[in-house]
Structure formats: C-alpha cells, structure tokens
2 protein chains.
Amino acid sequence: MSVNDIDRLILLLARLPGLGPRSARRAALQMIKRPETLMLPLAGALRQAAENIETCATCGNLDTSDPCGICRIPGREAALICVVEEVADLWAIERSGAFKGLYHVLGGTLSALDGRGPEQLNIGALIGRVEAGREAGAPVAEVILALSTTVDGQTTAHYIADRLGGAGVAVSRLAQGVPVGGELDYLDDGTLSAALKARRPAE
Amino acid sequence: MSVNDIDRLILLLARLPGLGPRSARRAALQMIKRPETLMLPLAGALRQAAENIETCATCGNLDTSDPCGICRIPGREAALICVVEEVADLWAIERSGAFKGLYHVLGGTLSALDGRGPEQLNIGALIGRVEAGREAGAPVAEVILALSTTVDGQTTAHYIADRLGGAGVAVSRLAQGVPVGGELDYLDDGTLSAALKARRPAE
C-alpha cells in the first residue's frame, strides 16, 4: 500500500506523545468523519501556532508575544522568580493559581547520562536576571526552585543554589510531603520519610 | 486567561480520541518545540486529507479516490464481500493480509438503545450489490459478516443474514475461539465455551 493522505496523517499523529499507532488511526478516522468541525480547525490552529508562538527572551515561556503574557502583567511580583524545568511545569503552577511572581524556564535538568551541562540550560540567563535586578535597584528577593524531586532535578537545584550563593537572594524549594488527597497506604517510602521529617505542629 | 493560539490548539487536540487535557497539553508543547518537523507537516496533512478523502460509493471505505483503492484493484475476488462495521475494521483485516475479496462498510450496528435502524446503516447498498452482481452475471458467492461479537453486532449479523436469505448467496461469520497467543487463564467464560463448542480435530 503506498503512503497516501490517510497513511501520512496517521504517521504524523502517531508521533504525538500519548498516541500510539492504534489511537492515531482512531483519531484520524474520527477527524476524517468530521472535516469541518475538527480536521480543518485543527489544521488552522496548528498553522497559526507555528507562525505565532515564540519563546519569551526573558523567562523562556512559550507565548504569542515576546515578552510573554506573564512577564508583561503589571501586577505580578517581579521580586519572586520560580524556576521550572519545562513550560508544562509553568502551566501546572499557573493552573494552581498559587503563585503571583515571575518564572524562569530552564529547558530541562542537568544530566550526566544525557550529557546535559549548565551551558545547555537557561541558567546563565537566570543569573543575569538576578544581577540585572540588583543593578537596576529592583532586586530579586527570592528564587524558588520548583524542580523535580529526581536525582537530576535535585542536582540541578543544588547547582543553581550554589551559583546564586553570593547574589544576596533567598533560594527556596518546594515542600515535600503527602499529596493533598493522597492515601498513606499508596505512598512510596521516600515521600513518607520526607513527610515525617518535615512534620509540623497540628493546628 | 484569554483563549490564545496555544489554548485553542490544546482544546482541539483534547477532542481527539485517546488524548485527554493533560496529554493534549504535552502534545501541543512537543509540537511547538518542533514546528518545522511536526506541527507544519501535520497541519498540511490535515488540510490535504480534508480536501482529498472521500467515501467510496460502492463499499463505504474512505480513500483519496472513489471508487476506493480496494474496489479498483483488479486482482481482488469480487465474488467475496466482507461486511464490517467501521473503516477501522476494514483496515484491521487489510493489515492481517488474510482476505483478498471486497468489503462493505455498514457505518455501525443496529442499536435499539441508540435508535439506529437498518435505514441508518449502509445495508440497502449491500443488498443492491448482491442483486446487481446476479443481474450482471457475476454473482456474489459469499458474504462474510465480520461484525463485533456484541449483542448489537450479532443482531445486525442476524438481520443481514435474514435479508440475504433468498438471494442465493452463502452467508458466513468469523470463527470464535481462543485468540492466537492468548492464555486460557485470562479468557472470559464466553470465549472459552465458544472455543470448546467449536473444537476441531487436532492435526
């Protein structure tokens, strides 16, 4: 069978994360059945996104403008920078609505295995932001390291905390403990010990 | 947050079967990172598919031509028609390479629950194909009902077998039994009894 339009569509869909060959076929069929309501709008949205989305030169967020929407909002606390690995993490924290400062997207973690060193990540720009703030008389007060609690994530956190050591800025990390709604029975030992160590007086 | 290009893309992706909101976000991010290799080709493939794909007036298959590729291949046995519910089933049988006849896509099954009667399905055209074959002197020898072994699928199979009763054509169904590579331990009771009932002499 030659690669016709349907096969080409399925091949491309199967390259999306979360879609295997089987679900790519199902998705393709569903779209072919509804060209006007799903296929053409998706084609348009993809083209528009490809044309319009850029990386924010300040924080590394993806948006239709540079500086991005978050960096441009006047109400956000510029003295608070939350460092995340990926844009997906930024989105997750934004959805929680619990953070009103600015972000800094690293683009990954340090990784000995994958050969990713500090120069492959957006770390220099973070140091630059802290220094520029101090020189401009609007110093960054706190850098929150919201990185994965994996070995690579924690190595990266250590490295950044070291680099920021002399910059006169507080460096913090996310609390570790029992997830909200989590059942103790299903928790791994590491999380349980972390939650026990960081226990707080009952209110 | 207003619905910008990224959000619109995620909303549309989340409507694909197999992609929830979380995986739609991951897919969108992955594409935004690789606009030239994934996002633009996918946009093009979608647009092209929307423009070019049509339903075969003979068998109901989806293809870039009408009659479809399968109906046009000279080597296929026109005396053998395999009736399937959806185009996805046709694709599955084609992948197996075990069938060299033609197809007929019903577009679903009869369903009392969903109020789908025979007139909502592509059944009249199937009867028409059998009659036209007889009149043209190239009669259909066998109609294979490759329908789901659900209640609705079997009701549909019964109905079609009834309708083809006087047409002088053999009507058959797929064999039921243990899947190839299947472990008895994991099989449901219905399949096990069907496999026992249809047992064959060991070769």
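Chain A is the first sequence line, chain B the second, and so forth, proteins listed ahead of strands; every chain is numbered from 1.
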Listed by residue number, which members of residues 149-157 of chain A have a heavy atom under 4.5 Å from any heavy atom of chain B?
none

Take a 6.0 Å sphere around CG of Asp189(A) and say whether it holds more than 12 heavy atoms from other residues, nucleotides or ligands.
no

CD1 of Ile10(A) to CH2 of Trp91(B): how many Å apart, nearest 0.5 Å?
4.0 Å

Only heavy atoms, only distances under 4.5 angstrom. Which residues in residues 26-36 of chain A are near chain B?
Arg26(A), Ala27(A), Leu29(A), Gln30(A), Met31(A), Ile32(A), Lys33(A), Arg34(A), Pro35(A)

To check you understand the geometry: which heavy-atom pair defines the closest contact between Leu12(B) and Ala45(A), and what is its length?
CD1-CB, 3.7 Å

Residue-level contacts of residues 47-86 of chain A with chain B, using a heavy-atom cutoff under 4.5 Å
Arg47(A), Gln48(A), Ala49(A), Ala50(A), Asn52(A), Ile53(A), Leu62(A), Asp63(A), Thr64(A), Glu86(A)

Sorted by number, residues from residues 95-111 of chain A in contact with chain B (heavy atoms, under 4.5 Å)
Arg95(A)

Can you establish whether the number of heavy atoms outside Arg173(A) located under 6.0 Å from its atom CZ is more than 12?
yes

Flag side-chain contact, heavy atom, 4.5 Å: Leu40(B) against Leu46(A):
no

Which atom of Thr37(A) lies closest to which atom of Arg15(B), heavy atoms considered
O-NH2, 3.5 Å

Hey, could you give me the OG/CG distance between Ser23(B) and Leu16(A), rounded to the nearest 0.5 Å?
10.0 Å

Option that, when pairs with chain A are counted at under 4.5 Å, heavy atom only, ranks first among Gly20(B), Pro41(B), Ala24(B), Ala92(B)
Pro41(B)

Rounded to the nearest 0.5 Å, how far apart are CG of Leu11(B) and CG of Leu42(A)?
11.5 Å

